[in-house]
Amino acid sequence: QVQLVESGGGSVQAGDSLSLSCATSAQTSIGIVVAWFRQAPEKEREFVALIRWSERTVVADSFKGRFTISRDNAKKTVALRMNSLRPEDTAVYYCAATYGSDWTAGGMYYWGKGTLVTVSS
């Protein structure tokens, strides 16, 4: 079992930056993939970014240049740094993880409860 707890959400102004953190209870980072997803009101959950145990990362095209993902193995945390936030970035942001090969939302075995980010114009 891997427990995931997101933190760092809040209310910000458009153009601001915000960093989210995902704390994990994973016993080992070997083979793990940790990802961020988000879900805006009345919209489908969408992929944001992921980081592999090898430190290689994938960021969805719509977020490239604005969002970055990183990992601190000592603290067992994964961060999502969000810059130049826009009102349409308002959503609940979820941390998810898997040791498997399916990196889509359906392939994630572990999920946090989410943290709300609200961006005002």
**Prompt:** How long is the gap from CG on D61 to CZ on F47, to the nearest 0.5 Å?
**Reply:** 10.0 Å

**Request:** For the residue pair Y99 and Y109, establish whether any side-chain heavy-atom pair is separated by less than 4.5 Å.
**Result:** no

**Fill in**
When rounded to the nearest 0.5 Å, the distance separating OG1 of T104 from CZ of F37 is 7.0 Å

**Message:** More than 12 heavy atoms of other residues, nucleotides or ligands under 6.0 Å from CD of E44: yes or no?
**Reply:** no

**Prompt:** Has the side chain of T98 got a donor or acceptor atom that lies under 3.5 Å from a matching backbone atom of G107?
**Reply:** yes

**Asked** Does the side chain of E6 come within less than 4.5 Å of V92's, by heavy atoms?
**Response** no

**Message:** For a quick test of reading the model, state the closest non-hydrogen atom pair linking A97 to L4 and the distance between them.
**Reply:** N-CD1, 3.8 Å

**Request:** State yes or no: do F63 and V12 share one hydrophobic cluster built from I, L, V, M, F, W and Y residues joined by side-chain heavy-atom distances below 4.5 Å, directly or via other members?
**Result:** yes

**Request:** Apply side-chain contact (heavy atoms from CB on, under 4.5 Å) to T24 and R71, showing your working.
**Result:** CA-CA 11 Å; T24 79; R71 186 178 70 199; over 6 Å; no

**Euclidean distance, D16 CG relative to S11 OG, rounded to 0.5 Å** = 9.5 Å

**Item:** Heavy-atom pair of closest approach, residues L20 and W36
**Value:** CB-CH2, 3.7 Å

**Asked** side-chain hydrogen bond (donor to acceptor under 3.5 Å, both in side chains) with E88: which residues, sequence neighbours excluded?
**Response** none

**Message:** Between I69 and V78, is there a side-chain heavy-atom distance shorter than 4.5 Å?
**Reply:** yes

**More than 12 heavy atoms from other groups under 6.0 Å of CD on Q1** = no

**Item:** Residue list, side-chain hydrogen bond (donor to acceptor under 3.5 Å, both in side chains) with R86, at least two apart or on another chain
**Value:** none

**Request:** Measure from the side-chain N and O atoms of R81 to the backbone N and O of S17, and report whether any donor-acceptor pair falls under 3.5 Å.
**Result:** no

**Asked** So, for S121 and A14, which heavy atoms are closest and what is the spacing to 0.1 Å?
**Response** CA-CB, 4.2 Å

**Message:** I need the L18 CG to T115 OG1 distance, nearest 0.5 Å.
**Reply:** 8.0 Å

**Item:** Sequence neighbours excluded - ring-ring contact (aromatic ring centres under 6.0 Å, His included) pairs with any residue from residues 12-31
**Value:** none

**Message:** Just so I know, are the side chains of V117 and M82 near enough to count as touching, which here means a heavy-atom distance under 4.5 Å?
**Reply:** yes

**Item:** Residues R38, E46: salt bridge by 4.0 Å N-O rule
**Value:** yes

**Request:** Compare all side-chain heavy atoms of F67 with those of D89 and state whether any distance is below 4.5 angstrom.
**Result:** yes

**Message:** Nearest 0.5 Å, please: how far is CG in L85 from CZ in R66?
**Reply:** 6.5 Å

**Prompt:** Counting only N and O atoms by type, is there a donor-acceptor contact under 3.5 Å from the side chain of T57 to the main-chain atoms of I51?
**Reply:** no

**Request:** Starting at CD1 of I32, measure out to CG of L50 and round the result to the nearest 0.5 Å.
**Result:** 12.0 Å

**Prompt:** What orientation do Y94 and W111 show, parallel under 30°, tilted 30 to 60°, or perpendicular over 60°?
**Reply:** perpendicular

**Message:** Do V2 and M108 sit in one hydrophobic cluster, given that two such residues count as connected whenever their side-chain heavy atoms are within less than 4.5 Å of each other, even indirectly?
**Reply:** no

